[in-house]
Asks: 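Here it is, the structure in full.
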Amino acid sequence: MTIRIYNTLSGKREPLKTLKSGHVKLYVCGITSYDYCHIGHARSALAFDMIVRYLRYRDYKVTYVRNFTDIDDKIIARARQQNCSSDELASRFIDEFYLDMDKLGIDRPDIEPRATDHIPEMIEIITELIDKGMAYQAGNDVYYIVDSFPDYGKLSRRNIEDMRAGARIAVNEQKHNPMDFVLWKGSKPGEPTWESPWGAGRPGWHIECSAMSRKYLGTTFDIHGGGKDLIFPHHENEIAQSEGANDKPFVTTWIHHGFVTIRDEKMSKSLGNFLTIRDILSSYHPEILRFFIFSTQYRNPLDFSESAMKNATLGLEKLYECMAAIDVLDPDIGDEQAKALLTDVDKQKIGALEERFQNAMDNDFNTAQAQGIFFDTVKTINRNLSILSSSPAQSDIDIFKNAASTLKKLADIMGLLRVDAVTFLAEKNQKLLDKINIDEKMINLLIAEREQCRIEKNWSRSDQIRDELLAKNIELKDGPSGTEWSVKRN
RNA sequence: GGCGGCGUAGCCAAGUGGCUAAGGCAGUGGUCUGCAAAACCAUUAUUCAGCGGUUCGACUCCGCUCGCCGCCUCCA
């Protein structure tokens with residue numbers, strides 16, 4: 001059983017290969033830090049968080065590097081607007097990013113380099129490229145000679161001629177060739193600068209990742225990840241720089257995740273159709289966002305909508321309700337003599353949970369399928385729980401308890417079921433209750449009155465009370481141990 | 001225009017050529033209930049955008065057509 005991953009470079013799903021046995025070196029392009037993060041950024045961070053957790057669960061050692069781009073045109077422009085330095089602005093939004101990540105329960109990568117802390121490393125690579133005749137200085141800028149790298153286009157599957165034909169590339173007078181891209185930008189007055197052999201300036205975007213990945217992971221490493229929109233030009237250019245400078249293969253496997261869309265359009269700042277992570281977390285529990293993100297495989301587009309979030313809410317609650325039902329079972333209630341309720345088929349199904357989960361996740365981290373397997377297992381458990389006798393067989397109790405702990409362990413890879421189930425459901429109810437602003441004492445009084453009516457078989461008054469409460473979104477459930485109430489979801 | 005991807009039930013979504021086309025939401029019928037609700041059970045695609053082809057056999061591979069999305073400029 002091997003983990004198979006879709007590799008953008010080959011266009012195929014292939015078995016995971018690592019340079020060093022059992023050790024995955026992973027580099028992921030992080031954010032450009034100049035604003036609050038939106039759900040698309042959350043998807044990226046969550047996807048790789050899940051991948052790293054799964055690899056570790058499968059006993060790989062993982063070295064996970066994710067950078068911050070903290071110098072860039074947009075940062076400079078925004079800082080100017082806000083009357084602060086680029087560094088202050090970038091640092092501020094890195095702090096905000098961490099607040100979001102922490103709320104989402106996303107682990108920190110092992111190494112989180114900032115671009116501006118690695119200027120010497122970038123200058124070094126640029127120097128190497130110039131020495132090899134793969135880059136040239138023009139004015140105060142330095143450009144990469146795309147024609148010097150024969151493999152240019154191998155990741156994004158395009159050839160230079162086609163791209164040259166595209167009219168959308170602005171021709172810069174300084175460039176020898178419109179396709180050449182910038183490695184070092186001479187600075188304009190008032191911009192942050194660093195000294196270099198080519199004068200004061202700042203690095204281009206692509207060189208950052210070549211420099212930082214080489215420093216922390218070496219000239220060749222196992223997996224490089226990012227959003228699909230980074231394939232071209234960013235990752236293509238990284239390959240050109242790194243392989244050009246190092247004369248070694250850059251990355252074995254390229255992983256690219258799909259976008260979050262709204263009404264089937266890519267969420268982006270320019271379209272103004274984005275929602276920030278904190279927008280979402282103000283109305284949804286972080287695990288609901290996680291459940292939603294993982295409800296489709298990471299490479300597919302994921303359309304955000306209220307109804308999709310409601311679906312995710314219901315799904316997550318369904319899992320928690322099963323966990324709560326098992327949690328409240330007294331582990332010592334079991335009767336050693338009682339006849340077991342679970343059939344062999346059911347036992348087999350419950351017992352197969354972990355293996356089925358692994359099969360799904362081995363198949364390019366198919367979290368959607370994995371969630372389906374959770375539900376399938378929960379269905380079997382619920383069916384048996386619903387007919388559990390008051391003195392159940394000890395073997396049944398043990399199986400339920402084991403299943404719950406396995407389910408929690410596996411769900412944790414997606415960051416789900418981390419909260420105590422009973423607490424989660426109680427908080428959910430409280431939150432709904434807060435929203436409708438109703439007096440709990442009043443509810444209990446009415447329930448008591450209705451209880452009396454029911455004893456007296458005064459059905460009309462009893463039903464009237466129930467309808468009154470329902471009008472206020474309070475749902476009554478008559479069970480063997482009395483009447484319970486809950487807040488109905490709209 | 002070039003390149004990449006997608007099109008599976010009312011909606012979301014798995015499916016690594018051959019086993020009953022997972023699972024969730026919604027719907028319908030039932031058990032339970034004074035009636036309900038919740039829960040549980042059952043049921044919901046002779047068919048996988050369309051048309052051809054390869055194959056003993058295709059949702060799965062190939063070709064074409066239609067529709068949608070993305071990249072080709074910064075972008076997760």
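Numbered from 1 within each chain, the chains take letters A, B, ... in sequence-line order. For clarity, every value in this text was computed on a predicted model and none was experimentally measured.
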Asks: Look at the side chain of R450(A) and the backbone N and O of S462(A), then say whether any donor-acceptor pair between them is shorter than 3.5 Å.
Replies: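 Answer holds: yes.
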Asks: Less than 4.0 angstrom between a side-chain N/O of K228(A) and OP1 or OP2 of G4(B), yes or no?
Replies: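 No, no such contact exists.
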Asks: Could you list the donor-acceptor pairs under 3.5 angstrom formed between side-chain atoms of residues 26-34 of chain A and any protein atom two or more places apart in sequence or on another chain?
Replies:
| residue | atom | partner | partner atom | Å |
| --- | --- | --- | --- | --- |
| Y27(A) | OH | N67(A) | OD1 | 3.3 |
| S33(A) | OG | A90(A) | O | 2.6 |

Asks: Classify the nucleic acid contact of S156(A) as base, sugar-phosphate or nothing, counting any heavy atom under 4.0 Å across all strands shown.
Replies: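 Here S156(A) touches the backbone only, sparing every base.
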Asks: So, does the side chain of D478(A) form a donor-acceptor pair with the base of C35(B) at under 3.5 Å?
Replies: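 Result: at least one qualifying N/O pair found.
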Asks: Please state whether the phosphate of C71(B), meaning OP1 or OP2, lies under 4.0 angstrom from any side-chain nitrogen or oxygen of K266(A).
Replies: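 Yes, because at least one side-chain N or O of K266(A) sits under 4.0 Å from OP1 or OP2 of C71(B).
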Asks: Taking atom types as they are modelled, would you say the side chain of R466(A) forms a donor-acceptor pair with the base of C35(B) within the 3.5 Å cutoff?
Replies: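 Such a pair is found, so the answer is yes.
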Asks: Would you indicate, yes or no, if C11(B) has its OP1 or OP2 atom less than 4.0 angstrom from a side-chain nitrogen or oxygen of N311(A)?
Replies: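 Answer no for this pair, as no side-chain N or O of N311(A) is under 4.0 Å from OP1 or OP2.
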Asks: Reckon T296(A) has a side-chain N or O less than 4.0 Å from the OP1 or OP2 of A14(B)?
Replies: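 The answer is yes; a side-chain N or O of T296(A) sits under 4.0 Å from OP1 or OP2.
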Asks: Answer yes or no as to whether G23(B) has its base stacked against F374(A), where stacking requires a ring-centre separation under 5.5 angstrom and planes under 30 degrees apart.
Replies: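 Stacking is absent between G23(B) and F374(A), given that the ring centres and planes do not meet under 5.5 Å and under 30°.
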Asks: With a non-hydrogen cut-off below 4.0 angstrom, is Q297(A) in contact with a base, only sugar-phosphate, or nothing?
Replies: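 Q297(A): backbone/sugar contact only, no base atoms under 4.0 Å.
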Asks: Could you check whether any side-chain N or O of N429(A) sits under 3.5 Å from a backbone N or O of S486(A), counting only pairs where one atom can act as donor and the other as acceptor?
Replies: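 Not a single qualifying donor-acceptor pair exists.
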Asks: Given G15(B), is OP1 or OP2 found less than 4.0 Å from the side-chain N or O atoms of N363(A)?
Replies: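 For G15(B), OP1 or OP2 has a side-chain N or O of N363(A) closer than 4.0 Å.
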Asks: Of all the nucleotides listed (C40(B), A76(B), A36(B)), which has the minimum atom distance to the side chain of T32(A)?
Replies: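 Between C40(B), A76(B), A36(B), the one nearest the side chain of T32(A) would be A76(B).
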Asks: Taking only side-chain N and O atoms of N382(A), does any of them lie within less than 4.0 angstrom of OP1 or OP2 on C40(B)?
Replies: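 Yes.
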Asks: Look at the side chain of N159(A) against the base of G2(B) and say whether a donor-acceptor pair falls under 3.5 Å; ignore hydrogens and angles.
Replies: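 No pair found.
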